[in-house]
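Here the structure is laid out as structure tokens; the discussion comes afterwards.
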There are 2 protein chains.
Amino acid sequence: MRSGPDASTIASLISDPSRAAILTVLMDGRSHPAGDLAYAANIKPQTASFHLAKMLEVNVVSLEKQGRHRYYRIENIEIAKALETLLAISPQPKVKSFKQVTENENLRFARTCYDHLAGKLGVKLMDALVDKGYIIEESNEILITKEGEIFLELFDIPLDIVRKKRRSFVHKCLDWSERRHHLAGALGHELFERFFELQWIERMEKTRAIRITSAGRKGLNELLSITL
Amino acid sequence: MRSGPDASTIASLISDPSRAAILTVLMDGRSHPAGDLAYAANIKPQTASFHLAKMLEVNVVSLEKQGRHRYYRIENIEIAKALETLLAISPQPKVKSFKQVTENENLRFARTCYDHLAGKLGVKLMDALVDKGYIIEESNEILITKEGEIFLELFDIPLDIVRKKRRSFVHKCLDWSERRHHLAGALGHELFERFFELQWIERMEKTRAIRITSAGRKGLNELLSITL
DNA sequence: TCCATATTTCGATGATAGTCGAATTATTTA
DNA sequence: TAAATAATTCGACTATCATCGAAATATGGA
């Protein structure tokens, strides 16, 4: 006898490799036009259209039309979380080309996990914040300290902005590449955005991998003693 | 171009309704013999065998042989978490029988989420612990207070036992029926076990729904002012 | 207005995967 | 030891689903 929600409904949407590829692209937290998603998933536009319609129907993705362009994005953070959870338990793929090795390394170094930083950089960021005493990991949970509040203020991340966010404020997110936790929640997101503003990090073409700039290396080192 | 882990690998295992049903049964955190899983999923034993072999191959489930019986269980808490995440974003099923309504209500009231209590009771438990000041939800994270430590000591849950657990100590788990958080982690698990010892809760037949005993209603009311 | 581009819609095809009957294997029980 | 029970293995069948070619629709630009 089967009662309660059925895990297979959403899982069957993710189970197709082309759809999984599309969703993985969308894990960068941005909207992408249908044509780009088709290209990224290595399928024809009509196939992508078919898949996107399926995901749109059950609110896994949302759609925004701009002229001839249809921009799709992941519907909400819960969907993104489910995806990241799945990625964390998925086996690493076999490497088939030098190009894939490079991109894999780039992803492992730093990438978007929907709206915050993941990968080695994301984990290092969290470790540094702990080392500096700006956040504490007590009873396996995370709090911002007084010093941390001062730090955020100086770093132009006013705490009230962070706290106003409705969702999870500070929490850990299991990182598929590091197998440790990186910083997520509103704080993770605000830091992510701030690093962009300062041009300490930038997006790489055609991937959700993130590149750190030389200014970023310098800044993260001076500010948080992060060496990369 | 596709790099990094592929979400479709694990998702494709969950995408089959029969396998999803099996995994949902296994969310009660216990081992179940293959025959029972076949019955619960409403498939023939040979079909169940085929599905279980697939899941065993990629370490979604693990196997323990006892004589003619093959007991399967969910491999680890990460798999369980991925499942619960998927369930939280899955649409509620259409109800087709009175029996299903009843079981659905039972699941909503209280059920196992792998190794801790979920449902209305699970959420109420967490709320009560907060109301009593035994845990605090600060900056959206959870800590045990001094009063909470005393409470746990008196309730025969020594803190060192809780802290010895390697995994998450105290955290929140999004509940698919309540759309709020219930208590998870080592503390959630220890309370779950303690309620069993005291016979405040008991398992129901053929479902992962949990029944509260009259002793449990009394005990939870006296101890934590929980009214049900 | 016509052409180019982005995207969707439709239909047919081929591959895949879940299912069960039959048979076999493994273990327990009388 | 034979019979019963639990479970697996094998093979054939059928239904489903992803794919692409073709065509149609929607929008932008010259």
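Letters go in sequence order (proteins before strands), and every chain restarts at 1. Because only heavy atoms are used, hydrogens play no part in the values below, and waters and symmetry mates are left out as well, while side chains stay in. This is a predicted model, so every value here is computed, not measured.
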Matching residue for B:Leu23 among B:Val60, B:Asp16, B:Leu13, B:Leu37 - test: side-chain contact (heavy atoms from CB on, under 4.5 Å):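 The option that passes is B:Val60.
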
OP1 or OP2 of [N] under 4.0 Å from side-chain N/O of [X]:
X	N	result
A:Tyr72	C:dA6	no
B:His69	D:dA7	yes
A:Arg19	D:dA18	yes

Would you please say whether a donor-acceptor pair under 3.5 Å links the side chains of A:Tyr114 and A:Arg208?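 Side-chain D/A pair, A:Tyr114 to A:Arg208: absent.
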
Whole Å only: how far is the [atom1] atom of [X] from the [atom2] atom of [N]?
X	N	atom1	atom2	result
A:His32	C:dA6	NE2	P	17 Å
A:Lys65	C:dT8	NZ	P	9 Å
B:Tyr39	D:dA7	OH	P	15 Å
B:Leu63	D:dA7	CG	P	10 Å
A:Asp16	D:dT16	CG	P	17 Å
B:Arg70	C:dT25	CZ	P	14 Å
A:Ile43	D:dA18	CD1	C1'	9 Å
B:Leu37	C:dG18	CG	P	17 Å

For A:Arg217, check salt bridge (charged side-chain N to carboxylate O under 4.0 Å, His left out) against everything at least two apart and list the hits. none

Nearest-nucleotide 5' precedence on DNA chain D, A:Ser12 against A:Arg68: A:Ser12

Look at all strands and tell whether B:Tyr71 reaches a base, only sugar-phosphate, or nothing, counting heavy atoms closer than 4.0 Å. nothing

Return the set of residues passing ring-ring contact (aromatic ring centres under 6.0 Å, His included) with A:His32 (not counting sequence neighbours), or none when no residue passes. none

Parallel, tilted or perpendicular for B:Phe192 and B:His189, by the 30°/60° rule?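 Plane angle between 30° and 60°, so tilted.
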
Using a strict threshold of under 4.0 Å (side-chain N to carboxylate O), is an ion pair present between B:Lys81 and B:Glu84? no

Strand-adjacent residues in residues 45-57 of chain A, judged by heavy atoms under 4.0 Å from DNA chain C: A:Pro45, A:Gln46, A:Ser49

